[in-house]
Visitor: 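Before I ask anything, let me first share the structure, which is written out below as structure tokens.
Values reported hereafter were calculated over all heavy atoms of this structure, with side chains retained and with hydrogens, waters and symmetry mates removed.
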Amino acid sequence: MSLALEIVGASKAFDGRPALKQASFSCGWGEVHALLGENGAGKSTLMNVACGLYAPDEGSIAVDGQPAAITAPADAAKLGIGMVHQHYKLVKRFTIAENIVLACRDALGMRRPRDAAEAVAAKAAEVGFDIDPGAVVGNLSIAEQQRVEILKVLLLGARILILDEPTSVLTDQESVAALTFMRRLAEDGHAVVLITHKLREVIGYSSRVTVMRGGETVLAGAETAGLDAATLARTMVGEEGEEQARRDRPLGDVRLQVEDLTARRAGGIGVDGIGFAVRSGEIYGIAGVGGNGQQELADALTGLRAPTQGRIAIDGTDLAGKAVPAFRRRGMRAIPADRFRNGLLAELAVYENFGVTGVPAGDYGSPALVRRGAMKAAAARAIDAHTIHGAAPGTAARLLSGGNAQKLLLARELKGEASVLVAHSPTRGLDVSACRTVHDLLQGAADAGTACVLISEDLEEVLALSTTIAVISRGRLVGEFAAGEVSRAEIGRLMLGHA
């Protein structure tokens, strides 16, 4: 097997903090190569070096056996390297077809949205994605936006395809279709690098696996055949750490009551007459295929979207139609699906992101004269308490890995008492260790009496954590079950039978 991509001795530091330490990686033509490691281990940084987003401080790169000077994404694209990132590079006000024209105009001579629409439709049918080329990207769910990014890279003709958590927001069936297509690409002679935290994907679809820890390569190109999930987990995080849901906690009174909730999305109804109740100590899990009303539901529950009808009551007080501050005063807290779009300000410091919600309440003095020293001290305590790696109070939030950014968001939202927590895809794109940390924090919130709503397209997550499981399809709840009283197959049937 000849090598498609080889990186040797790559080192990279940000603000004096090493992200890569003499890291190495190689991927051959005709293989799916899995790249594993905890968040902050250096996986994405190493692949960002390969696609020209970062220049290594040390190290060399070779493509198809020849030394390569990659100093910008355009260099990587000319060499046939394409990467689908966790945080999408799409213009929200453009349609899918217009985004494809923007990305492919020079490379493919694609000048008209009509031409792009035809190309998108053909490639989507090949991959198995249901996508409308005329849809405005800003109106799409996170899952739909990810599919557009995958299609964009494939249309650009990447021969070396790097996918950073490509199935993190897809259903089981969608994931199988996407991964099967990626493996077919490899069989046709492409090289595919799969960055994923789902060990079953590694075992089921990769030829070889590389594991990184602390910026270093600790397992290089091992044959996947013969490896099991427990071995890979120990290699990545040093322990197996099995998830155990604490469903036997006592439940209290109803804290969140939703009745006949309807909310619109561009072009139609997003949420249609939904009703449910969540009690103190309960985790109410909502499973579903992406784009079936999850975003509209999360927005309505947290005050970001005014419903056209219905009731949203926290501890008996109806807040439907009120603004976000009214929801937060009643103890509503939120973990959005896109942490950097709706949860954190990437360019602000960690202490500013942590303290911003406490400013209106006077936690750091008068809002007109904020005591930044007190805010920094509080952030430092949170960094230690939640083990937020790579963070200091003054660190820009954009420099945190996905898992550590999510820890920062959870630390902020769960400080003090929370009546209701709405968590939308809280472990999207995170590795095994970071997922476990987030799950522990959600369980801890429920233990403390918070009513938790978990909206997730990861069925395993819903099954592992939820006290009650509901299924959303076409903006309606089509089933509700006590945990342990419904099979995975039945939930999947409801998700796909109505989608």
Side-chain angles (χ1 to χ4, degrees), residues 1 4 25-38 41 43-44 47 83-84 86 126-129 143 146-147 150 153-154 160-212 219-237 240-243 287 289-290 425 427-436 456-464 487-489 491-493 495-496:
M1 177 181 62
F25 176 84
S26 65
C27 180
W29 297 114
E31 74 165 336
V32 176
H33 195 125
L35 181 57
L36 299 179
E38 296 185 76
K43 311 182 302 297
S44 295
M47 291 300 104
M83 183 171 180
V84 176
Q86 287 190 52
E126 181 182 353
V127 179
F129 291 162
Q146 186 189 59
R147 293 168 205 161
I150 292 173
V153 172
L154 293 176
I160 301 171
L161 190 64
I162 303 168
L163 300 119
D164 197 351
E165 305 289 354
T167 66
S168 60
V169 291
L170 302 181
T171 66
D172 287 357
Q173 290 78 7
E174 290 169 326
S175 297
V176 168
L179 291 164
T180 299
F181 179 74
M182 292 170 205
R183 188 162 59 185
R184 190 162 70 248
L185 280 177
E187 291 170 351
D188 289 341
H190 291 71
V192 179
V193 181
L194 175 62
I195 304 174
T196 179
H197 69 273
K198 298 178 180 178
L199 300 181
R200 67 180 184 278
E201 294 181 357
V202 176
I203 294 169
Y205 293 91
S206 72
S207 310
R208 293 191 297 149
V209 57
T210 291
V211 179
M212 295 185 68
L219 180 67
E223 296 287 338
T224 304
L227 294 174
D228 57 29
T231 300
L232 289 172
R234 282 195 300 269
T235 305
M236 286 195 307
V237 302
E240 296 184 40
E242 294 291 330
E243 298 268 10
V289 178
S425 301
T427 59
R428 170 178 169 263
L430 305 187
D431 63 48
V432 174
S433 179
C435 286
R436 186 164 63 248
S456 179
E457 291 151 29
D458 184 340
L459 184 52
E460 288 188 0
E461 181 169 63
V462 173
L463 291 170
S487 68
R488 182 191 185 101
I491 294 174
R493 185 189 68 78
M495 289 167 60
L496 295 176

Visitor: Any heavy-atom pair between the side chains of Ser26 and Arg208 that's under 4.5 Å?
Guide: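 Sidechains of Ser26 and Arg208: in contact.
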Visitor: Quick check for you: to the nearest 0.5 Å, what is the distance between His33 atom NE2 and Ile162 atom CD1?
Guide: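 It is 12.0 Å, given to the nearest 0.5 Å.
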Visitor: Quick check: closest heavy atoms across Tyr205 and Val32, and the distance to 0.1 Å?
Guide: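 In this case the closest contact between Tyr205 and Val32 is O-CB, 3.4 Å.
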Visitor: First locate atom OG of Ser207, then atom CD of Glu187, and finally report the distance between them rounded to the nearest 0.5 Å.
Guide: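 Between atom OG of Ser207 and atom CD of Glu187 there are 9.0 Å.
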Visitor: Supply the atom-to-atom distance Arg184 CZ to Glu126 CD, rounded to the nearest 0.5 angstrom.
Guide: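 Rounded to the nearest 0.5 Å, the CZ-CD separation comes out at 6.5 Å.
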Visitor: About how many Å separate CG of Leu194 and CD of Glu201, when rounded to the nearest 0.5 Å?
Guide: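 Between Glu201 CD and Leu194 CG, I get 6.0 Å after rounding to 0.5 Å.
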Visitor: Do the side chain of Gln146 and the main chain of Pro166 share a donor and acceptor less than 3.5 angstrom apart?
Guide: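 Here the side-chain-to-backbone pair exists.
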Visitor: Considering only heavy atoms from C-beta outward, does the side chain of Ile491 approach that of Val462 to under 4.5 Å?
Guide: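 Not in contact.
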Visitor: Do the side chains of Ile203 and Leu227 get nearer than 4.5 Å, heavy atoms only?
Guide: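 No; the side chains remain at least 4.5 Å from each other.
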Visitor: Would you check if His190 and Leu161 make a side-chain contact, meaning some heavy-atom pair closer than 4.5 Å?
Guide: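 Sidechains of Leu161 and His190: no contact.
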Visitor: Less than 4.5 Å apart, side chain to side chain, heavy atoms only: is that true for Phe25 and Met212?
Guide: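 No. Closest side-chain heavy atoms not under 4.5 Å.
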Visitor: I want to check something: taking the side chain as every heavy atom from C-beta on, are Phe181 and Leu154 in contact at a cut-off of under 4.5 Å?
Guide: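 In contact.
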Visitor: Can a donor-acceptor pair be found, under 3.5 Å and without considering hydrogens, that links the side chain of Thr210 to the backbone of Leu35?
Guide: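 Between the backbone of Leu35 and the side chain of Thr210 there is no qualifying donor-acceptor contact (under 3.5 Å).
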Visitor: Are Leu36 and Leu219 packed together at the side-chain level, in the sense that at least one heavy-atom pair is separated by less than 4.5 angstrom?
Guide: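 They are not in contact (no side-chain heavy atoms under 4.5 Å apart), so the answer is no.
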Visitor: Out of Leu163, Val153, Asp164, which one pairs with Met83 under the side chain to side chain contact (heavy atoms under 4.5 Å, CB included) rule?
Guide: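 By the side chain to side chain contact (heavy atoms under 4.5 Å, CB included) criterion, Met83 pairs with just one of Leu163, Val153, Asp164: Asp164.
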Visitor: Shortest non-hydrogen contact from Ala191 to Gly28?
Guide: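 Distance-wise, the nearest heavy atoms are CB-O, 3.5 Å.
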Visitor: Measure the spacing between CG of Asp188 and CZ of Arg183 and express it to the nearest 0.5 Å.
Guide: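 Asp188 CG to Arg183 CZ: 12.5 Å, rounded to 0.5 Å.
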